[in-house]
Amino acid sequence: MSEKTYRLILSVFLILAPVSAGAQDLFIKDGTLLTVTNGTIAEGDILIRDGRIAVVGSDLKAPSGVRVIDASGRFVMPGLIDSHTHIALTDTNELGAVVTSEVNVRDMVNGEDRRLFNVLTGGVTLIHTMHGSANPIGGQNILMKPKWGRAAEEMIFSAGPGSLKFALGENPKQAIFYPAKARYPKSRMGVKAIIRRELIRAREYMLLWDRYHASVETGESDPRPMPPRRDLRLEPLADLLRGKTWAHVHAYRADEMLEFLDLAREFHFRIGSFEHASEAFKIAKELAAAEVGITCFMENWSYKMETAEGIANNAAFCARHGVTVALNSDLGPQMMFLFNQAGKALRYGGLPEEEALKLVTLNSARILGVDDRLGSLEVGKDGDIAIFNRHPLSAYTRCEITIIEGVVYFDRDAYLETQRREEEKRRKEKKKKDDGKRPGRPAGPMGGGR
Amino acid sequence: MKRSGIRKMGFLFLLVVSITAGSAFADVGPAYALVKCRIVPGTGDIIEDGALLVRDGLITAVGPRQEIPLPADAEVIDGQGKTVYPGLIDAWTSLFLKIPKRPPLGFMQAFEGIPKDQQDDGRHLDYSAFENLQPNPQDRNALHKLGITTVLSVPEIGYISGRSVLINLNREDAAGMVLRNPAALHLQFVAARGVYPTSVMGAMAALRQAAFDAAHYRDSLDRYQRSGKTIKRPRYDPFLEGLIPYALEGGPVVIACLNQEDIKRALRLREEFGLNAVLAGSEEAWRVADMVEAAEVPLIVSVTFQPPFTSIHFSRDEEKKKEAEEEIYPANPGELARRGIPFALTSHGLKKRADFFKQIRKAIAAGLPKEVALEALTIQPARILGVEDVLGSLAPGKIANLVLADGGLFEEKTRIERVFVDGQSFEIEQPEGEKK
Amino acid sequence: MNRRHLNVLALTGFLLAGGLQARAAAENDVFALMNLRIIPVSGKDIPSGIILIRGARIAEVGADVAVPPGAEVIDGTGLTAYPGMIDCHSYLGMLEISNVAATVDYQETGLTNPQIKAVEGLRPDSVHIPIARAHGITAAHIIPEGAFVAGRTGLIRLTGWTPDEMVIRDEVAMHMVFPSHPGFLFMQMVGKTQPAEKAVSQIKDYLKRVRLYGERKRMAADRPGSVPHEYDESCEEMLPVVEGRLPVMLSVHSEEDIRAAIDLVKEENLKAIFFGVSEGWKVADDLKKAGIPVILGNLYSAYHDFDDGYDRHWRAPAVLQEAGVLFALGTQKMLPPLGKDLPFFAAKAVAFGLDRRAALRAVTLNAAEILGVDDLMGSLEPGKLANIVLADGDPFEFKTKIKAVFIDGKKVDLNNLYTDKIKQFQKRFR
């Protein structure tokens, strides 16, 4: 590949980190550390070794040969987690069936979705990118780290339990479509009945395999028993029942969440979170008791009937009543400023700062089952870090640097410098072009040369 | 090779014979002798003052002019100043096919429930390109003009698109054109509108399920046999029956890959199920060159140089997009050549097929060696399609698919004057007003 | 603020609610807000001062204001007074639930609708209004949407039982969408565009038709008995625009379109406000030279052009400020919440380089100037409507609590659906 081609490609990805892949060492010094789990450390330092946080403290010395980031006057927090989004995917829904648990969004990742860069500029270091909500049982979801410029498969983060999308309410019942012949389900009753039917099938499927494995072990029958047909639709549901996968359930209304809680009790599976959960504040008690989290918008509401009571105080209210609450962007522009959404928890419900920070860090990690790896500045956790110029919960803040596993993927100063150079280049080229063609703006009714 | 002193002397006489009494030699086929031409055999050295004999659709001799005795019955073509190349092979076209009309499915109709028998479920395993072959001279001539004498006619419907046929663009009927049928099974990561699967991930899941089902079906049949037919016979399934040769027995599978993620998907399927896969399209192969190189998978490469919709270059402003089209994507074939990844070039995807050579020239300018470009149009597609024993180079015994050009194949001013397909000669009409 | 102060506030609130409900009756009521830090916007900050309110208007503002005997006194120790904010582009009152068509009234079908008036679609009971109000927004410029000539915008106060009580100006500007998309809204959805030249000639053709219509109308009036004049609503209601009596608010975005629009406005001699101007930062100097004020839309959004930079729209206000362009902010959200995020948009602009004072001015006095109501609002000055926000800190900051909002001299109820729902369900968790 020619030098020029290579340079052109690099300019798109604004690669500022070393091109070599993999985790790095990094030393961040003299920042105000918002650890999330252990309070605030003024003028604190962090050492990242092999992509993991090795030391958190103050007055540390940078080991020689390690890149140093001076964070003095800045605020250092764990990388933000967008716990519900649909970016970096070619499609959102598999619309061809009502139950589509066989599909996995991993099969349609696109590492060049520029929104992966957008989220980086807002300090996001992990996204839960999901199947849509068209079907009562959607597809399998994945976690990705937005390592902009790297291949999509390098971004996939495989820790934690599996994640399977369910959807309740208006979307799966197709409330805004009025086809001549309705698809089943057309009501909340139908949605629940379908999910229940599939869970029963999955339970039978699981038993079928268990029986098969048992009979192979005893080895009595002849000819040897046939293994059951692999059913890719039921396998993820069987994994849900085995506890290997958690349900992530699109739901807005309190009643539909309660219905689903019944299913989880009946079939003994784990709900990672209710997604959106506008009316969670009405059933905070039940959610807290069932240890089911939610991931909601701070305040988007009234965009459809079932969100008419989606109040901004929902997050703070639920958090105060013992529910694990996370925030998400769901594709919205707030993917670029989730920290502002968390900041709003200070106004709507007056959440303490540390709790507000958890909405986009530790709590998100919890509902995704990766809180052992992510969500706070603790030794042993991944070196995923966001650095802000002001307190991240201030309305005036902006993200300056985003680090994933010790590698700087976004550095605003360097970004602006690249921008400036590009603009300069463009201006020069444009000038050359204009000079060759005509002096100044042409006369005429339209004026301006463009 | 025999000496040919006498025949040389009878040059003029023979010419007369072949014109007047050509039909009398029909039982041994028409014969041609291309002489005094530059011969680029595709494999082996270039012959500057060469001769090439064609009889009954096959090449009977190739070599320096002095060494080739001319048969008395051959029509001699003076190739002074001309170059002979092997006929070019386009390993991915959708030409000459009758495609079954699908019910017009709107977005809303998707939810209305289409009767089962009218549904296009995206599985066209039973679609045979041969059975739907509709040769037409217009497209044939257009291809000849580009020096293309052989094409793979590929159905492009559903995610399992059906089976292609490899044909020679001669004057015969469908059956007379066939070189290989079925040539390959074709897959793509798109689906039918409105019915399952509608998404790329759905197509992947459906393909996997189909492959698992094929294996399960075969195992059931085996078990039935092993039992001495003492257990209930497995239920007959024509779809799985037809899939077994490709999913389980190494039948060639061509997977259309419009972007780098498609390539990864294809490689994943190939690995999961041990498919004998060829990746078609592959304009972003350079993005995943390490992976492609390691997989040792052959490619059929398009030269549209359009950033696919998934690419970051696609969503940028016109200026930057243009830059990507002109500077970045044309480097793909060159990069593959540099790494020694085997690939064929195809005109597939071009808005105007006539731009094929213009695009190849861009690739050459971006680092593709001309020799590799020629191989990618001749011997490489022949290898990929398993016909390298009969096609892809100029050697005695091979099918007489030839291109006669007035200069180097990749020069801008070069015109292709004549092609031979199965030894049948086609003179190319040169457009009026076009200067050489 | 301690408990005593709160009580005083609560008491006054009660009195105001009882006594000042009808505006006419409020004329002679006098009360004073004491011990406030005052940010008048139009003048210097007053570290500790008094605002004297008579009826609906501010009577006096200063560090040392004589409070007439008998006037109600409200102690605002610890609080800061700001002018009420103006959402300069809003669908407040015209939209409840975005995808329930029955509740959506901000948008008309068809191309040319100068007869449409935003205030005629206004629903005073909208649940979104009290929410916006609780953020210190006291007035909103409400906008009808359409494909080309969308209709007339209006200015409302965020309080009142009926539309009449809410309307400050029933027409502020004619909203036109620069037709960078040919035809109807569908073309916008599919992203089909036409060159600026075409768009300009579409506007010019229309304005020519309107002018001809005006001429015919005048001639018919001059010569009674001649051919009767035929009323054409698509021209009639546009006459004030071509006659320069009503400004046009032109939604225009790309650099090319903005440049063309600047020339057009000059050639057609229109009074113009530009809205949106996504690429206005590229032509800030031209905008300044043309003297065209600008309203920027939703800043909690993503920018459209990857190469311009992810943050261009956030940096744009600072660029416009630098160039000396008069600009204001609007919320322009079709998805609720409506209106209320205005202060946070201002903060976003500050985060990306805008001076904090300029940001405050953008959501107050600039907005009033652009809408032609700077005699009524936009700053804390004697003679202006008493639209006042009392906050325990910077009203743009999330952690700040808005303690009281006065509109036209009346303290308004800060309860809204958010607080009501929480109150309702708190009972369940006691």
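Computation of the quantities below employed the complete heavy-atom set of this structure, encompassing side-chain atoms and omitting hydrogens, waters and symmetry-equivalent molecules.
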So [X] and [Y], would you call those rings parallel, tilted or perpendicular, with 30° and 60° as cut-offs?
{"X": "C:F306", "Y": "A:W148", "value": "tilted"}
{"X": "C:F429", "Y": "A:F317", "value": "perpendicular"}
{"X": "C:W314", "Y": "A:F337", "value": "perpendicular"}
{"X": "C:F425", "Y": "A:F281", "value": "perpendicular"}

Go through [options] and name the one with the most non-hydrogen pairs under 4.5 angstrom from chain A.
{"options": "C:N416, C:T103, C:D308", "answer": "C:D308"}
{"options": "C:M334, C:Q424, C:H304", "answer": "C:H304"}
{"options": "C:L264, C:D341, C:L338, C:V104", "answer": "C:D341"}
{"options": "C:A302, C:A101, C:G309, C:A359", "answer": "C:G309"}

Given a strict heavy-atom distance threshold of 4.5 Å, which part of [X] is in contact with chain C: side chain, backbone, both, or neither?
{"X": "A:E279", "answer": "neither"}
{"X": "A:R115", "answer": "neither"}
{"X": "A:L416", "answer": "side chain"}
{"X": "A:S394", "answer": "both"}
{"X": "A:A284", "answer": "both"}
{"X": "A:E299", "answer": "both"}
{"X": "A:I283", "answer": "both"}

Exercise. Has the side chain of C:R428 got a donor or acceptor atom that lies under 3.5 Å from a matching backbone atom of A:K282?
Worked result: yes
Exercise. Is a side-chain donor or acceptor of C:K421 paired with a backbone partner of A:N313 at a separation under 3.5 angstrom?
Worked result: no
Tell me whether the count of non-hydrogen atoms from other residues, nucleotides or ligands lying under 6.0 Å of [atom1] in [X] goes above 12.
{"X": "C:K208", "atom1": "NZ", "value": "no"}
{"X": "C:K266", "atom1": "NZ", "value": "no"}
{"X": "A:E286", "atom1": "CD", "value": "yes"}
{"X": "A:D413", "atom1": "CG", "value": "yes"}
{"X": "C:K399", "atom1": "NZ", "value": "no"}

Beyond-backbone contact of [X] with [Y], side-chain heavy atoms, under 4.5 angstrom:
{"X": "A:M305", "Y": "C:I97", "result": "yes"}
{"X": "C:I402", "Y": "A:R347", "result": "yes"}
{"X": "A:N300", "Y": "C:L335", "result": "no"}
{"X": "C:Y300", "Y": "A:M336", "result": "no"}
{"X": "A:R426", "Y": "C:D307", "result": "yes"}

Exercise. Between the side chains of A:Y396 and C:D394, does any donor sit under 3.5 Å from an acceptor?
Worked result: yes
Exercise. Which heavy atom in A:L346 sits nearest to a heavy atom in C:K401, and how many Å separate them?
Worked result: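 Of all heavy-atom pairs spanning A:L346 and C:K401, the closest is O-NZ, 3.4 Å.
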For this session: Please step through side-chain hydrogen bond (donor to acceptor under 3.5 Å, both in side chains) for the pair C:K348 and A:N340, ending with a clear verdict.
Result: CA-CA 9 Å; C:K348 199 83 182 158; A:N340 286 157; 2.7 Å; yes
For this session: Output yes when A:R114 and C:D305 qualify as a salt bridge under the 4.0 Å nitrogen-oxygen rule, no when they do not.
Result: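 Looking at A:R114 and C:D305, the cut-off is not met.
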To the nearest 0.5 Å, what is the distance between [atom1] ([X]) and [atom2] ([Y])?
{"X": "C:R312", "Y": "A:Q419", "atom1": "CZ", "atom2": "CD", "answer": "6.0 Å"}
{"X": "C:I131", "Y": "A:W301", "atom1": "CD1", "atom2": "CH2", "answer": "3.5 Å"}
{"X": "C:L95", "Y": "A:S302", "atom1": "CG", "atom2": "OG", "answer": "8.0 Å"}
{"X": "A:H391", "Y": "C:E397", "atom1": "NE2", "atom2": "CD", "answer": "10.0 Å"}

Is [X] in contact with chain A via its backbone, its side chain, both, or neither, using a 4.5 Å heavy-atom distance?
{"X": "C:D311", "answer": "side chain"}
{"X": "C:K333", "answer": "neither"}
{"X": "C:T400", "answer": "both"}

Exercise. Between C:F398 and A:Y348, is the gap from one ring center to the other below 6.0 Å?
Worked result: no
